[in-house]
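Structure first, commentary second.
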Amino acid sequence: MPRLKVLTFPDPRLRKVAVPVTKFDKSLEIVTSNMLETMYAEEGIGLAATQVDIHERIIVMDLSEERNDPKIFINPEFKILNDKSLLSFTEGCLSVPGITEEITRPDNIHLVWQDLKGEKHEAEPSGLLTVCIQHEIDHLEGKLMVDYLSPLKRDRIRKKASK
Ligand code: GNR
Ligand code: NI
């Protein structure tokens with residue numbers, strides 16, 4: 001299975017908005033399997049299709065220490081249940097290499113998604129899953145970690161990246 005190339009900031013393709021998956025076929029299985037392989041090879045805990053230049057609403061994730069718990073989220077959406085319950089977490093991103101920044105996000109969300117067969121699921125995640133799924137859904141919207149930082153900081157990162 002081939003590994004895919006991960007786009008890095010400020011590549012304009014990271015700004016595209018992904019479209020919903022409508023076909024739950026063999027090609028979707030192949031894409032998710034290649035994304036998981038790429039995520040493991042890059043030692044990430046999650047990967048959004050946008051990062052590998054595929055502009056469909058597909059996310060893979062593995063939050064386990066052992067790296068043996070792959071998860072796939074197709075067409076994920078979330079609603080904030082309580083916008084006063086917040087969690088600050090030091091985030092990194094494979095598309096913004098070498099940078100970690102503390103980002104504050106809602107901690108109490110309701111999540112819906114589909115699996116590879118198109119079956120619907122829902123959950124109210126907590127902790128790292130809440131942080132990671134929001135980070136990945138941001139990618140599907142063309143949004144990056146750096147967008148949460150001040151313009152000055154973002155510009156510094158952009159300059160560093162173009163060296
Ligand atoms: O590997 C990753 N680690 C991470 C740490 C804290 C919050 C989010 C993440 S996701 C990131 C992989 C990545 O860039 N996914 O888009
Ligand atoms: Ni990322």
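Order of appearance sets the numbers: ligands from 1, and atoms from 1 within every ligand.
- For atom 6 (C) of ligand 1, the closest non-hydrogen atom of the protein is Glu91 CA, 3.5 Å.
- Glu37 places no side-chain N or O within 3.5 Å of a backbone atom of Ser33 that could act as its donor or acceptor partner.
- Proximity to His139 (heavy-atom distance under 4.0 Å) selects the following atoms of ligand 1: 16 (O).
- The minimum heavy-atom distance between Val146 and Phe9, with the atom names listed, is CG2-CE1, 3.7 Å.
- Counting protein heavy atoms only, atom 9 (C) of ligand 1 is closest to Gly92 O, 3.4 Å.
- The atoms of ligand 1 that sit less than 4.0 Å from any heavy atom of Glu136 are 10 (S), 13 (C), 15 (N), 16 (O).
- Between Leu94 and ligand 1, a contact under 3.5 Å exists for at least one N or O pair.
- Each of Arg105, Glu102, Glu101 was checked for a side chain to side chain donor-acceptor pair (under 3.5 Å) with Tyr148, and the lone residue meeting it is Arg105.
- Vertex the Ni ion (ligand 2), arms ending at SG of Cys93 and NE2 of His135: the angle is 110° after rounding to 10 degrees.
- Here atom 13 (C) of ligand 1 lies nearest to Gly46 when heavy atoms of Gly46, Ser95, Gly44 are compared.
- In summary, the atoms of ligand 1 found under 4.0 Å from a heavy atom of Cys93, numbered by their order in the structure, are 14 (O).
- Of the possible polar contacts, one joining the Gln51 side chain to the Ala48 backbone as a donor-acceptor pair under 3.5 Å is found.
- Salt bridge Arg57/Glu141: present, at least one basic N to carboxylate O contact under 4.0 Å.
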List the steps, then state whether salt bridge (Lys or Arg N to Asp or Glu O under 4.0 Å) holds for Asp115 with Lys117.
CA-CA 5 Å; Asp115 62 23; Lys117 294 187 202 119; 5.4 Å; no
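- Near Phe89, meaning under 4.0 Å from one of its heavy atoms, ligand 1 places the atoms 6 (C).
- A distance-only check finds a donor-acceptor pair linking the side chain of Arg67 to the backbone of Asp62 [under 3.5 Å].
- The backbone N or O of Leu7 sits less than 3.5 Å from a side-chain atom of Ser95, completing a donor-acceptor pair.
- A 4.5 Å side-chain heavy-atom check between Glu56 and Val31 finds every atom pair outside the cut-off.
- In summary, the atoms of ligand 1 found under 4.0 Å from a heavy atom of Thr90, numbered by their order in the structure, are 6 (C).
- Less than 4.0 angstrom separates some heavy atom of Gln51 from each of these atoms of ligand 1: 13 (C), 14 (O), 15 (N), 16 (O).
- Among protein heavy atoms, the minimum distance from atom 1 (O) of ligand 1 is reached at Ile45 N, 3.0 Å.
- Distances below 4.0 Å separate heavy atoms of His135 from the following atoms of ligand 1: 8 (C), 10 (S), 13 (C), 14 (O), 15 (N), 16 (O).
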